[in-house]
Novice: 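Sending over a structure as structure tokens; questions will come in a sec.
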Amino acid sequence: MNILVFGATGSQQFNVIEEAKKKGAEVIAATSSEKSFEKLAKAGATPVVANLSDVEKINEITKGVDAIAFLIPVSLPNPFDGLQYAKNVIDAAKTNGVKKIVWNTSGWLESQKVGSPVDDVKLDVQEYLKNSGVDYVIIEPTIYMENMMGPFCAPFISSEKKLAYPTPEAMPIGWIASRDVSAFVVEAIYNESLKADNFKISGLQNLKGNELASEFSYGVGETISYYPQKPQEFGEIMKPMVGEAGASSVAAYYENLQNSKEFPSKFNPEMNGILEKLPVEMTSLSQWASDNKDFFIK
């Protein structure tokens with residue numbers, strides 16, 4: 001099995017390499033820079049430079065590939081470019097006889113367009129993929145545990161023993177580990193009965209803020225309290241990374257959450273059924289915190 005992975009340099013897709021290697025796959029990892037070659041090669045992949053906007057190059061690296069693990073870059077300067085990038089990959093897959101595309105959507109898809117370019121473009125990608133004629137599986141993960149490693153959270157844990165996140169304490173979330181999502185992607189590639197399927201996946205624990213902090217504390221062996229971070233504080237921390245407009249938009253989203261009495265679902269209670277089709281050993285929040293203790297506790 002030859003698997004081409006897009007987004008492999010980032011935390012959301014990097015573990016696809018190891019999970020695919022466990023099954024004996026040959027992995028090709030597309031990257032925009034040769035600077036990532038050493039990291040990807042060390043993980044067991046064959047790295048190739050390929051810009052998602054380069055139709056000719058995408059077509060070239062897709063030849064001889066059995067399956068594609070796809071992801072749209074999260075922080076595109078123009079989110080609408082994501083649709084054309086996806087079309088380039090999907091068209092190349094169809095031209096070259098790729099058997100299956102598994103798309104990690106980096107979050108649950110909306111049921112309809114909501115006026116957010118990042119979310120709305122994913123619905124256009126979904127429609128294009130479904131009509132492409134290529135077998136596909138769409139993996140929709142909830143919020144990544146790795147988000148807690150971000151600059152808006154990790155420094156608070158290290159210096160103040162506070163788990164900072166801009167969601168209300170009362171909002172439950174089924175946090176999921178990146179490695180688990182990668183395992184779902186690989187299982188979906190190898191399950192030949194899945195040809196036109198969507199899976200909304202989450203962790204097995206639906207944790208409110210204080211419960212999250214309690215599980216985290218158990219994992220790292222120290223008492224960490226939950227801090228429902230003010231959206232504007234979160235936005236200021238994010239501004240250098242996503243720009244002022246992007247930071248303001250995300251801060252406004254969390255501001256609405258803070259003022260809401262009803263929260264969007266971030267947990268799938270039907271995970272047992274999904275695990276029957278895609279057998280993955282799930283990671284608990286406390287286990288993940290324990291595994292990453294040295295990152296947080298200095």
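Positions are given from 1, in the same order as the sequence printed here. Any value given below was found using the heavy atoms of this structure, including those in side chains, with hydrogens, waters and symmetry copies removed.
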Novice: Whether the side chain of Ser217 engages the backbone of Ile224 through a donor-acceptor N/O pair (distance < 3.5 Å, no angle test) should be reported.
Specialist: yes
Novice: Can a donor-acceptor pair be found between the side chains of Gln84 and Asn88 at a distance below 3.5 Å?
Specialist: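 Yes, side-chain donor-acceptor contact under 3.5 Å.
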Novice: Looking only at heavy atoms, which two atoms of Pro166 and Tyr254 are closest? And how far apart?
Specialist: O-CD2, 3.1 Å
Novice: With salt bridge (charged side-chain N to carboxylate O under 4.0 Å, His left out) as the test, would you mind laying out the steps for Lys122 and Glu110 before giving the verdict?
Specialist: CA-CA 9 Å; Lys122 292 178 184 179; Glu110 300 288 346; over 6 Å; no
Novice: Verify, without hydrogens or angle tests, whether Ser158 (side chain) and Phe296 (backbone) share a donor-acceptor contact under 3.5 angstrom.
Specialist: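 Here the side-chain-to-backbone pair exists.
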Novice: Would the Tyr165 and Phe152 ring centres measure less than 6.0 Å apart?
Specialist: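 Between Tyr165 and Phe152, the centre distance is under 6.0 Å.
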Novice: Does the ring centre of Phe6 sit less than 6.0 Å away from the ring centre of Tyr85?
Specialist: no
Novice: For residues Met171 and Lys266, report the shortest heavy-atom separation together with the two atoms involved.
Specialist: CE-CG, 3.7 Å
Novice: Check this for me: does any side-chain nitrogen of one of Lys99 and Glu192 sit under 4.0 Å from a carboxylate oxygen of the other?
Specialist: no
Novice: Is there side-chain contact between Cys153 and Asn147, with heavy atoms separated by less than 4.5 Å?
Specialist: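 No. Closest side-chain heavy atoms not under 4.5 Å.
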Novice: Taking the side chain as C-beta and beyond, is there a heavy-atom pair between Asn198 and Lys130 under 4.5 Å?
Specialist: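 In short, these two side chains touch, coming nearer than 4.5 Å.
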Novice: Are a donor atom and an acceptor atom from the side chains of Thr167 and Tyr226 found within less than 3.5 Å of each other?
Specialist: yes
Novice: Look up atom CD1 in Ile58 and atom NZ in Lys87, then write down how far apart they are to the nearest 0.5 Å.
Specialist: 15.5 Å
Novice: Treat each ILVMFWY residue as a node, draw an edge where side-chain heavy atoms are under 4.5 Å apart, and state whether Met149 and Leu285 are in one component.
Specialist: yes
Novice: Please check: side-chain N/O of Glu146 versus main-chain N/O of Ser178, any donor-acceptor pairing under 3.5 Å?
Specialist: yes
Novice: Would you say Gln126 and Leu109 make side-chain contact, with heavy atoms under 4.5 Å?
Specialist: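 Result yes, sub-4.5 Å side-chain heavy-atom pair found.
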Novice: Do Phe184 and Phe199 have their ring centres less than 6.0 Å from each other?
Specialist: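 No: the rings miss the under 6.0 Å criterion.
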Novice: Which heavy-atom pair separates Val121 from Gly82 by the least distance, and what is that distance?
Specialist: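 In terms of heavy atoms, the two residues are closest at CG2-C, 4.4 Å.
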Novice: Could you verify whether a donor N or O on one side chain and an acceptor N or O on the other, from Glu26 and Asn2, lie under 3.5 Å apart?
Specialist: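 Checked: Glu26/Asn2 side chains show no N/O donor-acceptor pair below 3.5 Å.
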Novice: Measure the spacing between CG of Leu163 and OH of Tyr227 and express it to the nearest 0.5 Å.
Specialist: 12.0 Å
Novice: Does Trp108 reach the main-chain N or O of Glu140 with its side chain, forming a donor-acceptor pair under 3.5 Å?
Specialist: yes
Novice: Within the 4.5 Å heavy-atom criterion, are Asp91 and Tyr128 side-chain neighbours or not?
Specialist: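 In contact.
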Novice: Determine the minimum heavy-atom distance between Leu207 and Glu215, stating which atoms define it.
Specialist: CD1-CG, 4.0 Å
Novice: Is it true that Leu52 and Leu71 fall in one hydrophobic cluster, defined by side-chain heavy atoms closer than 4.5 Å?
Specialist: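 Shared cluster, no.
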Novice: Is the NZ or CZ atom of Lys298 both under 6.0 Å from the centre of the six-membered ring of Phe295 and within 45° of that ring's axis?
Specialist: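 Flagged: Lys298 positioned over aromatic ring of Phe295.
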Novice: Quick one: NZ on Lys113 to CG on Asp119, what's the gap to the nearest 0.5 Å?
Specialist: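 CG of Asp119 is found 11.5 Å from NZ of Lys113.
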Novice: Find out whether Val49 and Phe37 are in side-chain contact, i.e. whether some heavy atom of one side chain is under 4.5 Å from a heavy atom of the other.
Specialist: yes
Novice: Just wondering, do Asn268 and Thr142 contact through their side chains at under 4.5 Å, heavy atoms?
Specialist: no
Novice: Check Ile28, Ile68, Val89 against Thr62 for a side-chain contact (heavy atoms from CB on, under 4.5 Å) and give me the one that passes.
Specialist: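 When Ile28, Ile68, Val89 are each tested with Thr62, the side-chain contact (heavy atoms from CB on, under 4.5 Å) holds only for Ile68.
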Novice: Side chains of Lys100 and Val137, heavy atoms from C-beta outward: is any pair under 4.5 Å?
Specialist: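 Yes. Closest side-chain heavy atoms under 4.5 Å.
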Novice: Quick one, Leu278 and Ile139 - any side-chain contact, counting heavy atoms below 4.5 Å?
Specialist: yes
Novice: Does this structure show an ion pair linking Glu60 with Lys57, if we count only N-O contacts that are shorter than 4.0 Å?
Specialist: yes
Novice: Gln287 vs Asp291, test: side chain to side chain donor-acceptor pair (under 3.5 Å). Steps then yes/no.
Specialist: CA-CA 6 Å; Gln287 182 60 57; Asp291 292 343; 2.7 Å; yes
Novice: Under a 4.0 Å N-O cut-off, is there an ion pair linking Lys239 with Glu236?
Specialist: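 Yes, Lys239 and Glu236 are salt-bridged.
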Novice: Where is the tightest heavy-atom contact between Thr283 and Asp180, given as atom of each residue plus distance?
Specialist: N-OD2, 2.7 Å
Novice: Specify the closest pair of heavy atoms between Ala45 and Ala29, including all atoms of both residues, with the distance to one decimal.
Specialist: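 Minimum heavy-atom separation between Ala45 and Ala29: CB-CB, 3.8 Å.
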Novice: Charged N to carboxylate O below 4.0 Å: is that the case for Lys23 and Glu187?
Specialist: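 Looking at Lys23 and Glu187, the cut-off is met.
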